[in-house]
*Asks:* 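Have a look at the structure that comes next, please.
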There are 2 protein chains.
Amino acid sequence: MKIGELAKQVGFTVETIRYYEKEGLLHPALRDPANNYRRYDHSHLERLIFIRRCRTLAMTHEEIQVLLQARVQPNASCETINELIDEHIHHVQARIAELQILETQLIELRGQCRAAHTTRDCGILRELDHPTEELTEPAVVHSHVPGSQCRGGQHK
Amino acid sequence: MKIGELAKQVGFTVETIRYYEKEGLLHPALRDPANNYRRYDHSHLERLIFIRRCRTLAMTHEEIQVLLQARVQPNASCETINELIDEHIHHVQARIAELQILETQLIELRGQCRAAHTTRDCGILRELDHPTEELTEPAVVHSHVPGSQCRGGQHK
DNA sequence: CTTGACCCTAAAGCAGCTTCAGGGTGTTTA
DNA sequence: TAAACACCCTGAAGCTGCTTTAGGGTCAAG
């Protein structure tokens with residue numbers, strides 16, 4: 001099948017599939033000599049479903065690579081896999097904990113200004129200007145789960 | 001003071017401070033004519049502390065810009081600020097909910113393989129290969145909070 | 001024979017930095 | 001006085017997982 005069909009079946013965009021090929025997650029497809037279109041078979045589809053499942057579980061490409069490797073070594077121990085999942089769970093849990101602290105702090109902050117005043121008298125701005133003790137600690141330190149690299153202030 | 005000193009006082013790296021200047025979060029510093037070094041005063045320090053606090057609370061630069069704007073308009077209504085914080089809280093809460101679903105799914109998955117077998121018999125790989133009903137739904141759809149853009153599989 | 005749906009590549013964009021390459025400045029110490 | 005070392009500068013690339021854009025072929029239907 002062609003890439004559009006594959007995309008539809010598996011629920012990725014065609015761009016994503018091409019991207020996965022470039023990244024080495026998906027084996028390069030054979031090309032139709034006539035027009036250079038990619039041609040896919042059932043094994044590609046299975047692999048993509050596997051990948052999709054892993055991404056749904058917020059695994060990185062690196063983690064997925066490990067699992068894909070393991071998948072083609074039926075006689076190896078699956079301990080690596082268990083450890084990978086365990087670690088991943090820990091990351092997720094750590095992230096949740098961080099965000100819960102963040103939530104608490106934000107609600108506390110929000111409480112500084114219940115009614116609408118002028119910004120001059122806004123308790124929120126005041127709080128942000130002169131951080132209170134217990135609100136000063138970084139809520140979000142670091143993590144590897146969903147989007148850690150992008151947000152969450154780990155200042156140094 | 002020079003940038004290194006400022007960095008130490010406020011807890012950012014010098015690179016981050018220069019980056020903030022380039023992004024427009026921080027006003028460009030005056031330069032020492034002798035050597036072109038940046039020179040900072042107390043207002044820069046205050047502004048950076050404000051920014052740091054906001055980043056600790058995982059706000060985007062865009063959100064911080066809004067707050068910084070508001071900060072210099074003492075007579076304006078602070079309703080915008082309240083709304084911004086409220087929305088931010090919602091994002092964080094939504095993100096937590098997503099991650100909790102993810103956690104549940106991962107633990108369920110992990111349960112498929114308690115002892116270490118060969119990968120051939122690994123319940124985890126089996127599950128990833130042939131997704132079960134209730135585990136098929138995307139746990140992480142989207143969000144704007146801490147790192148949404150980077151991770152979390154929103155396939156299409 | 002043109003319209004529209006599909007395919008291709010390479011490069012840039014997103015967020016918020018960090019790192020690197022390449023090069024000055026300034027103080028201290030041998 | 002010269003080397004060593006800490007600090008400053010700029011511009012560009014790298015990180016993650018895609019998405020978007022630009023520019024261009026292929027192919028079936030009307």
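To find a chain, count down the sequence lines: A is the first, B the second, and so on, and within it residues start at 1.
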*Asks:* Identify which nucleotide among D:dT10, C:dG16, D:dG17 has an atom closest to any side-chain atom of B:Y19, counting heavy atoms from C-beta outward.
*Replies:* C:dG16
*Asks:* Compare the minimum distances between each of C:dC7, C:dG26, D:dC8 and the side chain of B:R18, then state the nucleotide with the smallest one.
*Replies:* D:dC8
*Asks:* So, does B:H61 use its side chain to make a donor-acceptor pair with the main chain of B:Y20 at under 3.5 Å?
*Replies:* no
*Asks:* Please determine if a side-chain N or O atom of A:T13 lies less than 4.0 Å away from the OP1 or OP2 oxygen of D:dC18.
*Replies:* no
*Asks:* Is A:N35 near enough to D:dC27 that one of its side-chain N or O atoms lies under 4.0 angstrom from OP1 or OP2?
*Replies:* yes
*Asks:* Indicate the atoms forming the closest heavy-atom contact of B:A70 with A:T119, along with that distance.
*Replies:* O-OG1, 3.4 Å
*Asks:* Side-chain N or O of B:R55 less than 4.0 angstrom from OP1 or OP2 on C:dC17?
*Replies:* yes
*Asks:* Identify which nucleotide among D:dT19, C:dC8, D:dC18 has an atom closest to any side-chain atom of A:Y20, counting heavy atoms from C-beta outward.
*Replies:* D:dC18
*Asks:* Among D:dC9, C:dC17, C:dC8, which is the nearest nucleotide to the side chain of B:T16?
*Replies:* C:dC17
*Asks:* Under 4.0 Å from OP1 or OP2 of D:dT10: is there any side-chain N or O of B:R31 that close?
*Replies:* yes
*Asks:* So if you build clusters from Ile, Leu, Val, Met, Phe, Trp, Tyr with side-chain heavy-atom gaps below 4.5 Å, do A:V10 and A:Y37 land together?
*Replies:* no
*Asks:* Nearest to the side chain of B:V14 - D:dT19, C:dC8, D:dC8?
*Replies:* D:dC8
*Asks:* Report yes if a donor N or O on one partner sits less than 3.5 Å from an acceptor N or O on the other, where the partners are the side chain of A:Y37 and the base of D:dG25; otherwise report no.
*Replies:* yes
*Asks:* For C:dC8, does either OP1 or OP2 sit under 4.0 Å from a side-chain N or O belonging to A:R38?
*Replies:* yes
